[in-house]
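For the single chain, residues carry numbers from 1 onward in sequence order. Everything numeric here is computed off the predicted structure, so don't read it as measured data.
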Amino acid sequence: MTTDADRAPKTPLLDRISTPTDMKRLSDGDLARLADELRAETIHSVSQTGGHLGAGLGVVELTVALHAVFDAPRDKIIWDVSHQSYPHKILTGRRDRMKTIRQKDGLSGFTKRSESPYDPFGAAHSSTSISAALGFAVARDLGGACETGHGDSVAIIGDGAMSAGMAFEALNNAGGLGKRMFVILNDNEMSIAPPVGALSSYLSRLYTEQPFQELKAAAKGAVSLLPGPFQQGARRAKEMLKGLAVGGTLFEELGFSYLGPIDGHDMEQLLPILRTVHQRATGPMLIHVLTKKGKGYAPAEGADDGGHATAKFDVATGKQSKPPSNAPSYTSVFGRELAAHASRDDRIVAVTAAMPDGTGLGLMAERYPSRTFDVGIAEQHAVTFAAGMAAGGLRPFCALYSTFLQRGYDQVVHDVAIQRLPVRFAIDRAGLVGADGATHAGSYDIAFLANLPGFVVMAAADEAELVHMVATAAAHDDGPIAFRYPRGEGEGVTMPERGEILEIGKGRMIEEGSRVAILSFGTRLGEVRRAAEALRARGIRPTIADARFAKPLDRDMILQLAADHEALITVEEGAVGGFGSHVAQLLSNEGVFDHGLKFRSMVLPDIFIDQASPADMYSVAGMSAAQIEAKVLELLDIAQIADKRA
C-alpha cells in the first residue's frame, strides 16, 4: 500500500530549513536546488489539501531569493493578495502544518499577522502591499515600536494587482517621500483572469520591445558591483536601451529607481540583483521580475488560469478529485440567465473586476464580447463605469463578490445611489464562504446597501429564486437594485423555464403555522425548513416566510406575521445592521413591541470567523438548523421546561 510518505518528494536541503536563517549558509547552487525541492513540496502539499497552487509555483525562486538575501522577520516581506505565499509559509516554520491549510483551526490560505511573525501584514484583497510597505518604512524612520524590529520593507505585487488605483496612489506617495523600500513587480501576465488594460500592455512592451537578452546579461553582471568606469558605461548602455525601446519608464517618473525586466526563475539573476539593491539602494526601488504562473508543473502551466486554485489532485496527472454536483451552482445559474436576458435585450451589458469566471460571466463574454467588460482589479472604477453606462441608457449588471464590492462602496453611494441610476448589482459569494475565511466572507452587503435611499436589495433563497431575481433586476429601471447569492451548489429545486418579474418589496409565505413565525432572508431558508421539521416532531408548527427583499420591506406581511404570532424570528446571512435591524425598526415604529411580541434576530456574530467548511462556519455563527430550532424553543420557553424534566 502506497503511503503519503512514499509519495512525498525527496527534499534533503529543505529538510534542513526550519527558518530562513538556515538558508544563509547555503551556496547559490544549493539555493537553486532548494528552490526545486520547494516547488516539489508545494505541489505535493496542495495536492493533499487543495488550495491556491499556480501563484505560489510562479514565485518559488523569488521566495527563496528574498529569504536568502533579506533578514525576515526584521525585514518585512509583504505578499500582495498573498495567495502565492504557500512556499513562504513552508520556509518560515510552518511546513509541518501545511496539511491544515484553509481548514478549521489550521493555517490560513493567506498571510496572517496572528499566525507568524514572518507575516508582517495580512492580505487577501489585492493592491495593498505597497501602501503597507511604505507604512513600515515610515515607522522604521520615525522610531516605531515593532516586536520583530525594523529593517527593510519589500512589497511583492503582481501585474494584475498593479492595475488597481490603490497601487498607483501608494507608488506616487512612496516616490514623493523617497524612503528606502523595495517593490517587486511580479509580472506573470496573469492575475486570476488574464490581465486587461493599458498597464498590462505597457508591461508587455517592456518585455517584448526591449533587447531583453542584453539587459539580462547586464543584470547578471550586477552593474553596480563593477569598477567605476565600467559602471558608468553600463548605465549609459542600459539607459540608451530603455530610451530607445520605450522612452523611459512610468515607474521612474513616479520617483522609483527601476531595474528590469529580469527572469524571475533564474537564480543566477535574482540573487546578485537582490544582493546589489539590498546593499546599495537609498530610496524607493522597483524590480520588474518576469515569472510564469504554475511554473514547473505541467497541468498548472497548461491551465487557462495557471492552476490558480484547485481541489485535491493527483500529482502525476493533475486530475482533481471534485465530488459530483447534485445541483447547479448559483454562479452558473446567474451566468446562464444573464446571457439569456442579453439575447432578448441588447441594452444589457455586464461588468466585472478581474473575475469573469468567478462571477459566471464566461458565457456572456463568449456570446456578447462587445457587451462584457472585465476592467481588471478596479472595483471602484467598475461601479462608476456601470453608473455611466446606466446614465447613457444601457442596463448594466455589475457582477462582484460581496467582499470585493466593499472596495467600491463610496462609488455605490455617490455615483449610483444619489443619482438613482439603475445599476444592477449581482453579488456573488454572499454569506460565509468556507476555506477562504474571514477576508472573503460576504457579511456586510445587506447592511451597507439596505441603508441607502432608493436601493432595492434582494436575496435568493434558492437557485429558482435567483432566476426570478435576475429577471426582476433586468426589468428594473427605477434606481439601483441588488441581489445576493452564495458560493456553491443550489438546493436542487425545480427550475422555472423562465424567470418571473417579482413585485418589488413583496415576500412569500412558505408554510402556515402558529405561535412562532420564522422570517428568512436568503439561503438559510433551507436550514429554517429543516429546523421546522424537527420542531414539528415536538408538536410545534412554525410559520415560515421568505422575505425576498430587505429593502423595501414587505411591510404588510411582516406586520401580519407579528399580529398573528406570539414570537417572530428573522434569519439572515449577514452582520447586524441588515435585514433584521430594518424589521425591528419597522416593528418599533409601528408600536408592535408595546403589545408584547417576542422578537429575535439571528445574524452573523460580531466576530471574524476563521476558515472552515461553510457548515462549520455557520455552526460557529449559531445559524444551523439545530441552532434555529433551539432559538425557537428558547423564545417559547420550551427549552427550559425540557431541561427541568431532564
Side-chain angles (χ1 to χ4, degrees), residues 191-194 196 303-305 308-309 322 324-377 379 382-383 385-386 389 394-405 423-431 433 436 440 442 445 458-476 481-502 522-523:
S191 47
I192 296 173
V196 294
D304 290 340
D305 64 354
H308 172 70
K322 292 183 178 180
S325 297
N326 297 315
S329 72
Y330 286 96
T331 301
S332 67
V333 170
F334 163 67
R336 184 179 67 245
E337 289 302 309
L338 181 63
H341 284 281
S343 72
R344 299 187 288 268
D345 185 348
D346 59 12
R347 293 171 295 175
I348 288 178
V349 293
V351 181
T352 191
M355 298 295 291
D357 293 328
T359 56
L361 293 186
L363 184 60
M364 179 80 181
E366 178 184 322
R367 294 182 180 176
Y368 309 106
S370 66
R371 291 154 58 192
T372 307
F373 303 92
D374 178 359
V375 301
I377 302 175
E379 291 85 1
V383 172
F385 175 45
M389 287 193 287
L394 296 177
R395 287 178 160 173
F397 280 75
C398 190
L400 300 170
Y401 289 6
S402 172
T403 184
F404 298 145
L405 178 60
V423 175
R424 292 99 175 139
F425 290 94
I427 305 173
D428 204 324
R429 273 40 171 201
V433 296
D436 283 334
H440 283 58
D445 59 273
M458 303 181 285
D462 54 47
E463 61 271 38
E465 282 290 292
L466 179 56
V467 172
H468 300 318
M469 289 180 183
V470 175
T472 304
H476 186 76
I481 188 168
F483 52 97
R484 72 191 314 256
Y485 47 95
R487 180 179 187 174
E489 297 174 5
E491 293 285 324
V493 300
T494 302
M495 297 292 282
E497 291 187 13
R498 190 161 176 169
E500 301 173 6
I501 297 174
L502 304 176
T523 54

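Within the 4.5 Å cutoff, the side chain of Val470 has heavy atoms near those of the Phe483 side chain. Counting heavy atoms from C-beta on, the side chains of Val351 and Met389 come closer than 4.5 Å. Two residues are said to be in side-chain contact when any heavy atoms from C-beta on lie closer than 4.5 Å; Asp346 and Arg371 meet this criterion. A heavy-atom distance below 4.5 Å is not found between the side chains of Leu405 and Glu379. Taking the side chain as every heavy atom from C-beta outward, Glu337 and Leu466 never approach each other to under 4.5 Å.
With rounding to the nearest 0.5 Å, the separation of NE2 in His476 from CD1 in Ile501 is 11.5 Å. Rounded to the nearest 0.5 Å, atoms CG (Leu400) and CD1 (Ile427) are 8.5 Å apart. Summarising the geometry, atom CD belonging to Glu463 is positioned 12.5 Å from atom CE belonging to Met469; distances are rounded to the nearest 0.5 Å. With rounding to the nearest 0.5 Å, the separation of OG in Ser343 from CZ in Arg367 is 7.5 Å. Atom CG of Leu363 and atom OG of Ser332 lie 10.5 Å apart (nearest 0.5 Å). From Glu465, atom CD reaches atom OH of Tyr485 across 15.0 Å, with rounding to the nearest 0.5 Å.
For His468 (side chain) and Gly499 (main-chain N/O), no donor-acceptor pair under 3.5 Å exists by modelled atom type. Checking side-chain atoms of Thr372 against main-chain N and O of Tyr368 turns up a donor-acceptor pair under 3.5 Å. Judged purely by atom type and a 3.5 angstrom limit, Arg424 uses its side chain to pair as donor or acceptor with the backbone of Ala473.
Evaluation of the salt bridge (Lys or Arg N to Asp or Glu O under 4.0 Å) rule for Arg336 yields no partner, not counting sequence neighbours.
Checked against the 6.0 Å centroid criterion, the rings of Phe404 and His440 qualify as a close aromatic pair.
Within 6.0 Å of CZ in Arg498 there are 12 or fewer heavy atoms belonging to other residues, nucleotides or ligands.
Using cut-offs of 30° and 60° on the angle between ring planes, the pair Phe385 and Phe373 is perpendicular.
Side-chain contact check for Asp428 and Thr331: at least one donor-acceptor pair (N or O, by modelled atom type) lies under 3.5 Å. Side-chain contact, Asp445 with Ser402: a donor N or O sits under 3.5 Å from an acceptor N or O.
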Discussion item. Evaluate Tyr330 against Arg487 for side-chain contact (heavy atoms from CB on, under 4.5 Å), listing each step before the verdict.
Written reply: CA-CA 7 Å; Tyr330 286 96; Arg487 180 179 187 174; over 6 Å; no
- Message: Run the side-chain contact (heavy atoms from CB on, under 4.5 Å) test on Thr359 and Tyr401 for me, step by step, so that the C-alpha distance in whole Å, both residues' side-chain angles and the decisive distance to 0.1 Å come before the verdict.
- Response: CA-CA 7 Å; Thr359 56; Tyr401 289 6; 4.0 Å; yes
Audit row: Val423, Val383, side-chain contact (heavy atoms from CB on, under 4.5 Å) steps and yes/no: CA-CA 8 Å; Val423 175; Val383 172; 6.0 Å; no
